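Bear in mind the structure is a predicted one, so any value in this text is a computation, not a measurement.
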Amino acid sequence: MTPSGEAGLRRIFAVIDLLLDAVDEETLLPALFPALLRAVPGDSLTWSVRTPAGRHPITTPSGLFGPEALAGFFRNAPADALFRHTNTGSGVPMRRSDLMSRTEYHRLGTYAEALRAAGAEHQLATAFPAGWARSGRRTVCLVVNREGSDFADADLEAATLLRARLGHALDRLAPPVRLPAGLTPRESAVLDLLACGLTDRQIARRLDVSERTVDKHLEHVYAKLRVHNRVAAAGLWRTAGTRLV
């Protein structure tokens, strides 16, 4: 094995050691992100957790995408083949260059609205099941970005080696959640968004349901939690404790 190959394996093993030693996500993620950027070298990464209640992206460096850039990205995301691969496809590690040419990439709305300003000229992305939130199963989409040269086959192999181990570690750290008072996952998703201050209309849009459906869910929630209004339900849900989602 070449010296560079040995160094690459050491960086992969460093990530694996972090995953094996982790006791919770709160302390794992700040150490994990820099280690991932060493194992799959890049300039930045996005770690986006998807639950039935929505998406929760985190970036390194922090603030890589502002609110307008994120809104623009997700507005154009359905036309982006790499997004579809991680959102509804197999999620195996994939380079953007395996799916489209640079010219095709630069024509995308996701590039114009968000990725160009972030220096994401090349991307390697993967997705995997990653434990549970109160509202249901979680999936993580991990994207590593580079401005210079494209990702090599060795980078793709490193991401493939780490993908299953990341999923196993997060399944261990975020086991299925016992829902209080017989709440369903969809009711929990409504409560998650309610506790974040969203209106019924915003919750309906986020969950792709009607406002009437949200009202019905809230009626059931009030009865199960033995409260009489949305303020009380949101307060009780917040104080019940939350997990990193």
Side-chain angles (χ1 to χ4, degrees), residues 12-37 39-40 42 45-60 70 73-74 77-78 80-96 98-99 123-145 151 155-180 183-193 196 206-209 241-245:
I12 292 170
F13 288 143
V15 174
I16 294 172
D17 287 343
L18 278 175
L19 297 175
L20 291 174
D21 293 340
V23 294
D24 58 60
E25 285 186 58
E26 188 174 1
T27 55
L28 169 65
L29 295 186
L32 177 63
F33 293 164
L36 285 172
L37 282 175
V40 184
L45 67 76
T46 302
W47 177 275
S48 182
V49 182
R50 186 175 74 243
T51 75
R55 299 176 188 276
H56 306 267
I58 308 169
T59 64
T60 292
L70 277 177
F73 176 88
F74 285 115
D80 189 321
L82 189 62
F83 175 84
R84 293 197 303 271
H85 173 70
T86 57
N87 191 52
T88 58
S90 68
V92 299
M94 183 77 69
R95 291 170 292 208
R96 183 173 285 282
D98 293 325
L99 295 174
Q123 293 186 298
L124 190 158
T126 186
F128 46 88
W132 299 79
R134 290 188 302 190
S135 54
R137 193 68 160 118
R138 307 188 317 174
T139 301
V140 163
C141 172
L142 169 63
V143 184
V144 181
N145 307 303
F151 293 89
D155 301 318
L156 201 62
E157 291 166 3
T160 300
L161 283 171
L162 290 172
R163 178 175 179 252
R165 290 164 175 83
L166 287 163
H168 292 325
L170 290 165
D171 277 347
R172 173 175 63 84
L173 296 175
V177 179
R178 185 182 296 277
L179 300 177
L183 292 173
T184 68
R186 181 45 65 97
E187 289 165 354
S188 296
V190 170
L191 275 168
D192 280 344
L193 297 173
C196 291
R206 187 76 67 88
L207 299 180
D208 196 23
V209 298
T242 58
R243 168 195 334 276
L244 254 181
V245 296

Checklist entry - What's the shortest heavy-atom distance between Val144 and Gly42, and which atoms? => result CG1-CA, 3.8 Å
Next on the checklist: Ring-plane angle category for Phe33 and Trp47, please: parallel below 30°, perpendicular beyond 60°, tilted otherwise.
Outcome noted: tilted
Item to check | Heavy-atom closest contact (Arg55 atom, Ser48 atom, distance) | outcome: CB-OG, 4.2 Å
Item to check | Closest approach of Pro57 to Thr46 (non-hydrogen atoms, all atoms of both residues) | outcome: CB-CG2, 4.4 Å
Checklist entry - Leu32 and Val15: which non-hydrogen atoms are nearest, and at how many Å? => result CD1-CG1, 3.9 Å
Item to check | side-chain contact (heavy atoms from CB on, under 4.5 Å) partners of Leu99, counting only residues at least two apart | outcome: Ala81, Leu82, Met94
Item to check | Under the side-chain contact (heavy atoms from CB on, under 4.5 Å) test, residues paired with Asp155 that sit two or more places apart | outcome: Val40, Pro41, Leu124, Arg146, Phe151, Ala152
Checklist entry - Taking only residues two or more places apart in sequence, or in another chain, which ones meet Arg163 in a salt bridge (Lys or Arg N to Asp or Glu O under 4.0 Å)? => result none
Checklist entry - Do Asp21 and Leu28 have side-chain heavy atoms sitting under 4.5 Å apart? => result no
Checklist entry - Are Asn87 and Arg50 side-chain neighbours, meaning at least one heavy-atom pair lies under 4.5 Å? => result yes
Checklist outcome for this item: Residue set satisfying salt bridge (Lys or Arg N to Asp or Glu O under 4.0 Å) with Asp17, at least two apart, ordered chain then number -> none
Checklist entry - Is there a donor-acceptor pair closer than 3.5 Å between any side-chain N or O of Thr59 and the backbone N or O of Leu45? => result no
Item to check | Taking every non-hydrogen atom, the tightest pair across Ala130 and Val140 | outcome: CB-CG2, 3.5 Å
Item to check | Which atom of Ala39 lies closest to which atom of Ala158, heavy atoms considered | outcome: O-CB, 3.8 Å
Checklist entry - What residues form a side-chain contact (heavy atoms from CB on, under 4.5 Å) with Thr86, not counting sequence neighbours? => result Ala125, Ala127, Cys141
Checklist entry - Are the side chain of His85 and the backbone N or O of Val92 linked by a donor-acceptor pair below 3.5 Å? => result yes
Checklist entry - Mind checking whether Leu193 and Leu207 have side chains closer than 4.5 Å, heavy atoms only? => result yes
Checklist entry - With sequence neighbours left out, what residues match Arg137 under salt bridge (Lys or Arg N to Asp or Glu O under 4.0 Å)? => result Asp171
